[in-house]
Amino acid sequence: RLGWATGSPAVVDCLARVRTDLGVSQWLARIMEQFLGEGRLAPHIAGAVEVYRERRDLTVDAVRRHLGERVRCTVPDGGFYLWVELLDRLDAGAVRAAAIERGVLCRPGEAFGVADGRRHLRIAFSHTHPDDIERGIARLADAGAAVEAGVA
């Protein structure tokens, strides 16, 4: 990863003292210099935003269709995750366990210090292929239904 920091000389000096790597790869730095010099960063970011927006929208649509009235979610303006609040008396940990049995991974909110985290799930969509989103959310809904029915 490439990075930079700006700040007062005292802050930058403190950061430099705790740096644990041996520096940026010079080969990678030269590639990035050319990439930036050719004006390719803004189009790259715009393309990435479009990809993530499409995946977010597919995920939100699938959640609304498959989980419907049993959950509430807020469409994020950015980021890589969709937070889902379970409205029934479902425990996010139990739903997660049932989802794992069905080949779907998600994380309960309590793993992230979310207030009332046992009612929240974090669904990652950024690295999920669009074709897999629909299938994954359908399986998550099946997991929730199984927990609700007491058969999971």
Side-chain angles (χ1 to χ4, degrees), residues 1-87 90 92-93 95-144:
R1 294 184 173 164
L2 294 174
W4 57 273
T6 185
S8 71
V11 170
V12 172
D13 184 55
C14 286
L15 290 172
R17 289 182 191 177
V18 297
R19 191 176 99 189
T20 59
D21 66 359
L22 298 174
V24 174
S25 158
Q26 292 303 301
W27 180 74
L28 182 57
R30 287 187 178 120
I31 290 172
M32 286 303 299
E33 177 186 32
Q34 185 172 351
F35 183 82
L36 295 170
E38 293 173 358
R40 298 170 116 189
L41 182 61
H44 173 74
I45 290 172
V49 167
E50 187 56 37
V51 165
Y52 296 137
R53 182 180 293 122
E54 175 190 2
R55 292 177 185 186
R56 177 205 63 194
D57 292 348
L58 288 169
T59 304
V60 169
D61 181 58
V63 164
R64 288 178 175 159
R65 282 185 293 103
H66 290 284
L67 293 162
E69 300 297 318
R70 296 188 335 220
V71 302
R72 176 178 31 229
C73 66
T74 302
V75 179
D77 290 330
F80 303 126
Y81 309 102
L82 179 67
W83 283 94
V84 174
E85 179 184 2
L86 304 170
L87 298 179
L90 294 175
V95 173
R96 177 180 186 256
I100 288 172
E101 291 175 4
R102 289 157 175 81
V104 174
L105 298 175
C106 56
R107 300 287 306 268
E110 65 188 353
F112 302 95
V114 173
D116 199 13
R118 296 187 66 83
R119 295 178 49 94
H120 291 82
L121 291 172
R122 186 184 82 163
I123 300 172
F125 56 79
S126 62
H127 287 88
T128 305
H129 191 279
D131 295 342
D132 294 329
I133 290 173
E134 177 75 24
R135 184 172 36 254
I137 298 300
R139 289 180 184 179
L140 180 62
D142 182 61

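Panel note: side chain Arg139, backbone Val104; no donor-acceptor pair is recorded below 3.5 Å. Distance alone, capped at 3.5 Å, is enough to place a donor-acceptor pair between the Arg119 side chain and the Leu86 backbone.
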Exercise for review: Step by step, work out the salt bridge (charged side-chain N to carboxylate O under 4.0 Å, His left out) result for Arg135 and Asp132.
Suggested key: CA-CA 5 Å; Arg135 184 172 36 254; Asp132 294 329; 2.4 Å; yes

Check your understanding: Please walk me through it: do Asp13 and Arg17 pass salt bridge (charged side-chain N to carboxylate O under 4.0 Å, His left out)?
Key -> CA-CA 6 Å; Asp13 184 55; Arg17 289 182 191 177; 2.6 Å; yes

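Among residues two or more places apart in sequence or in another chain, the side-chain hydrogen bond (donor to acceptor under 3.5 Å, both in side chains) test is passed with Glu54 by none. For Tyr52, the ring-ring contact (aromatic ring centres under 6.0 Å, His included) partners two or more places apart in sequence, or in a different chain, are Phe80.
Contact of the Arg40 side chain with the Gln34 side chain is not registered, since no non-hydrogen atoms from C-beta on lie closer than 4.5 Å. Considering only heavy atoms from C-beta on, Phe112 comes within 4.5 Å of Trp83 through its side chain. Inter-residue side-chain proximity for Arg56 and Val75 is flagged as met; some heavy-atom pair is nearer than 4.5 Å. Within the 4.5 Å cutoff, the side chain of Ile133 has heavy atoms near those of the Arg55 side chain.
Within 6.0 Å of the CZ atom in Arg72, the count of heavy atoms belonging to other residues, nucleotides or ligands does not exceed 12.
Residues Leu121 and Cys106 come closest through the heavy atom pair CD2-SG, 3.9 Å. Heavy-atom minimum distance, Leu140 versus Ala99: CD1-CB, 3.9 Å. In plain terms, the two heavy atoms of Val95 and Ala143 that are nearest each other are O-CB, 3.9 Å. The minimum heavy-atom distance linking Pro108 with Gly93 is given by the pair CB-N, 4.3 Å. Heavy-atom minimum distance, Cys73 versus Val63: SG-CG1, 4.3 Å. Nearest heavy atoms, Gly144 versus Leu90: O-CD2, 3.8 Å.
Note on residues 115-142: no pairs pass ring pair (Phe, Tyr, Trp, His ring centres under 6.0 Å), not counting sequence neighbours.
To the nearest 0.5 Å, atoms CD1 (Ile137) and CD1 (Ile123) are separated by 4.0 Å.
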